[in-house]
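We name chains A, B, ... by the order of the sequence lines, and we start the count at 1 in each one. Basis for what follows: all heavy atoms, side chains included, without hydrogens, waters or symmetry-related copies. Values in this document were obtained by computation on a predicted structure and should not be read as measured data.
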Amino acid sequence: MKRTHTCGELGKGDLGKEVCLQGWVRFSRDHGGVAFVDLADRYGTTQVVFDPENLPEGVDAKAIDGAMKGFSRESVVSVVGIVRDRVPGTEDPRNPTGEVEVMITSAEVLNRSAAPPMEVGDQKEGVLPSEDVRLRYRYVDLRRSEMVHALEFRCKFLSLAREYLLKNKFLEIETPMLGRSTPEGARDYVVPSRLHPGKFYALPQSPQLFKQMLMVGGMDRYFQVARCFRDEDSRSDRQPEFTQLDMEMSFVDSKDIQDTVEGLLSYVWKGMYGTELETPFLRMPFEEALEKYGTDKPDIRFGLPLVTLTDVVREAPYGIFQTVISRGGVIKGINVKGSLAGDRIGRNEVDRYIEHAKKLGLGGLTWMRAKDGTLESNIVKYFTPGIIADLMEAMDVEDGDLLFLMAGPEAQTVAAAGQMRLKLGQDLGLAKADDHRFLWLVDCPMFEVDPVTGAKGAYHHPFVLPTGDPHGDGVGGECFDLVLDGNELGSGSMRIHNAETQREVFRILGMSEEEIDEKFGFFVEALGYGAPPHGGIALGIDRFMAVLLGKETIRETIAFPKNKRAQSPFDGSPETIPDDKLEELQIMTLVIDDLEFE
RNA sequence: GCCCUGGUAGUGUAGCGGCCUAUCAUGAAGCCCUGUCGAGGCUUCGACUCGGAUUCAAAUUCCGGCCAGGGCGCCA
């Protein structure tokens with residue numbers, strides 16, 4: 001008999017029906033006579049019961065009993081039975097199907113499972129196996145409701161996004177996976193060409209050039225759920241292959257793109273959560289983000305702003321500050337308000353923050369407490385009453401507050417102070433998991449200068465439209481990042497649509513005319529054939545899902561992720577290939593039997 | 001390339017120089033049990049990541065490797 005219902009849909013309305021359920025044996029409880037089995041699938045769990053005392057005429061109890069001997073955990077089974085009310089008082093209110101049960105009249109094992117390497121049922125306060133084990137047996141792990149939820153969530157998100165974009169004139173277009181390797185950027189994943197020995201394709205780091213050429217091609221509005229590849233070391237929020245919701249629009253400005261994303265997310269929000277997303281999102285200039293939050297992706301779910309104190313304490317005869325300032329460094333402060341439990345952070349905890357500060361690369365951490373209208377600490381003696389008053393005003397100090405001061409070279413100290421702020425926010429429980437705050441990071445620089453080599457690099461990428469003369473000092477880029485709860489979820493920009501401007505930016509980035517022609521000639525040429533003003537954005541879907549689902553890593557939102565070393569625990573890739581295949585591709589490797597030749 | 005954390009039965013853990021023939025839970029196997037739902041009871045099974053060193057004695061200390069994760073660099 002074929003399945004008539006899933007394991008998540010039977011209810012009072014089905015009483016008396018003969019049904020066939022097929023699924024996995026999650027838990028079973030054999031009482032010697034009566035026996036219960038929780039039969040589960042993606043849709044839910046239904047209790048089926050073997051009730052030998054109450055079987056209808058003609059049912060072979062022995063056969064059922066025999067089949068059920070094979071109902072080991074996670075075995076796939078098929079049962080036929082009658083939907084009936086549960087004995088009063090034994091309903092399970094936690095389970096949507098908990099008002100009814102299926103009395104088995106026939107049972108069959110479809111495929112017996114070996115003892116599973118992990119608990120699949122999620123009623124219990126689960127002790128999950130290590131990620132290692134979970135990934136090796138991902139097909140078992142995927143049965144857990146948490147994984148089912150994550151994948152359903154992701155699917156629904158993308159499906160709503162697609163719905164919105166299609167309603168708004170966007171055209172979904174696929175772009176090639178086999179393309180050419182472009183300089184700069186991340187390391188490419190590379191694919192050898194059999195027909196052109198010695199030549200290689202590169203898998204796309206993003207469809208950037210193709211989507212721009214789609215605009216030149218008059219497609220007007222494009223989107224794609226695009227798989228992208230970057231051969232760089234993994235982190236909890238990135239892995240070799242990832243998914244972007246990629247968009248591009250013609251005849252728009254930055255605000256149009258931002259409005260489109262806000263509209264898109266509002267639509268998705270409504271569909272996912274049934275609530276209105278607050279728009280427009282906050283726009284925060286790049287400089288303000290760095291100044292107040294010490295990062296270009298601020299988490300604005302809580303305060304604890306950083307305060308620059310360099311000028312305030314400039315005259316204080318405190319050796320550490322003097323040295324730092326004389327070397328052009330900065331002093332940053334955080335006020336942990338007494339109302340945020342600053343007054344409950346004890347000396348031991350302060351010491352731990354000092355240790356943490358050192359781990360972040362700071363020389364140390366200066367701290368003070370506000371009491372009786374002034375500041376207390378072992379170093380206040382170096383500060384005149386005037387400086388203390390200025391400090392208290394700059395940091396908005398009240399009794400009970402705890403101040404942390406950090407000093408050092410600017411970039412490093414700002415970043416470390418930002419990390420410290422996040423650490424405090426986390427320790428004090430200031431950011432609530434279900435609170436989400438979007439913001440647009442705007443007014444970004446066009447270029448960043450490598451502090452060591454002095455070379456200019458693109459802050460976003462070389463296709464961003466400069467806001468002025470690209471040679472101008474500190475010229476801005478017409479670009480913006482979408483930030484959610486301290487995560488960069490996307491970055492967008494207006495693009496250069498003038499061929500000469502594009503060449504000029506390449507030159508500033510240190511490319512010769514020959515290099516430009518060689519690497520980007522096709523692209524610059526395209527801009528010369530009627531490229532409309534255009535711009536777009538790409539949203540990092542894996543990260544987006546991880547943040548919304550409250551997951552620590554993007555791997556929780558990907559069915560088959562790579563591990564930290566970019567290997568696939570399921571199929572064992574990457575793997576060597578036979579010599580004859582290498583020969584066909586005319587490839588020789590420098591690795592022989594694990595010996596690497598440099 | 002570098003730094004940090006961890007590696008004990010199938011799974012999750014305790015132990016952190018001799019009380020270790022290694023704890024507990026879960027699981028698996030078997031038995032008992034007619035209303036459970038993480039059922040319950042009884043019995044049994046099953047483990048110190050690898051190599052070296054220190055020591056009378058190492059799961060425990062040290063060194064190195066391997067494996068996993070987090071981070072720095074890297075990620076236009």
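Distance, A:Arg29 CZ to B:U36 P: 10 Å, rounded to whole Å. Across the protein-nucleic acid pair, A:Gln47 atom CD and B:A39 atom C1' stand 11 Å apart, rounded to whole Å. Spacing between atom CG of A:Asp30 and atom C1' of B:G41 amounts to 13 Å, rounded to whole angstrom units. The separation between A:Arg94 atom CZ and B:U36 atom C1' is 11 Å, rounded to whole Å. Atom CD1 of A:Ile104 is separated from atom P of B:G35 by 17 Å (rounded to the nearest Å). With rounding to whole Å, A:Asp481 atom CG is found 12 Å from B:A76 atom P. The separation between A:Gln239 atom CD and B:G70 atom P is 11 Å, rounded to whole Å. At whole-Å resolution of the value, NZ in A:Lys69 and P in B:C31 are 8 Å apart.
Across all strands, A:Thr553 comes closer than 4.0 Å only to sugar-phosphate atoms, never to a base (heavy-atom distances). The residue A:Arg84 sits close to a base: some heavy atom pair falls under 4.0 Å.
The side chain of A:Glu232 lies closest to B:C75 when the candidates are B:C72, B:C75, B:A76. When distances run from any side-chain atom of A:Arg73 to the nucleotides B:A76, B:C33, B:A28, the shortest one goes to B:A28. In the set B:G38, B:G71, B:A68, the nucleotide with an atom closest to the side chain of A:Gln567 is B:A68. Checking B:G27, B:U36, B:A68 against every side-chain atom of A:Glu101, the shortest atom distance belongs to B:U36. Taking only side-chain atoms of A:Phe36, from C-beta outward, the nucleotide of B:U36, B:A29, B:U11 with the closest atom is B:U36. Closest to the side chain of A:Arg86, out of B:A28, B:U11, B:G35, is B:G35. With B:C74, B:U11, B:A39 as the choices, the nucleotide that has an atom nearest any side-chain atom of A:Arg235 turns out to be B:C74. When each of B:A76, B:C72, B:G35 is scored by its nearest atom to the side-chain atoms of A:Asp51, the top-ranked nucleotide is B:G35. The side chain of A:Thr90 has B:C37 as its nearest neighbour among B:G69, B:C37, B:A28.
Residues A:Ser254 and A:Glu478 bring a donor and an acceptor atom of their side chains to less than 3.5 Å of each other. Judged purely by distance below 3.5 Å, without hydrogens or angles, the side chains of A:Arg29 and A:Gln47 pair a donor atom with an acceptor atom. No side-chain N or O of A:Ser130 forms a donor-acceptor pair with one of A:Asp132 less than 3.5 Å apart. Checking A:Tyr459 against A:Asp296 by side-chain atom types alone, a donor-acceptor pair falls below 3.5 Å.
Where A:Asp92 and A:Lys564 each meet RNA chain B at their nearest nucleotide, the meeting point lying more 5' is that of A:Asp92.
Under the 30°/60° scheme for interplanar angles, the aromatic rings of A:Phe520 and A:Phe506 are found to lie parallel.
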Chi angles and distances behind the side chain to side chain contact (heavy atoms under 4.5 Å, CB included) call for A:Cys228, A:Gln205: CA-CA 5 Å; A:Cys228 308; A:Gln205 294 184 24; 5.9 Å; no
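Remark: B:C37 base-pairs with no nucleotide in the shown strands. Criterion, Watson-Crick or G-U wobble with two distances under 3.5 Å. Nucleotide B:C66 forms a Watson-Crick or G-U wobble pair with B:G7, both donor-acceptor distances falling under 3.5 Å.
When the P atom is used for both B:C62 and B:A25, the distance is 31 Å, rounded to whole Å.
You won't find any donor-acceptor pair under 3.5 Å spanning the side chain of A:Glu119 and the base of B:U26, going by distance alone. Side-chain to base pairing of A:Arg238 with B:C75: one donor and one acceptor N or O lie within less than 3.5 Å of each other.
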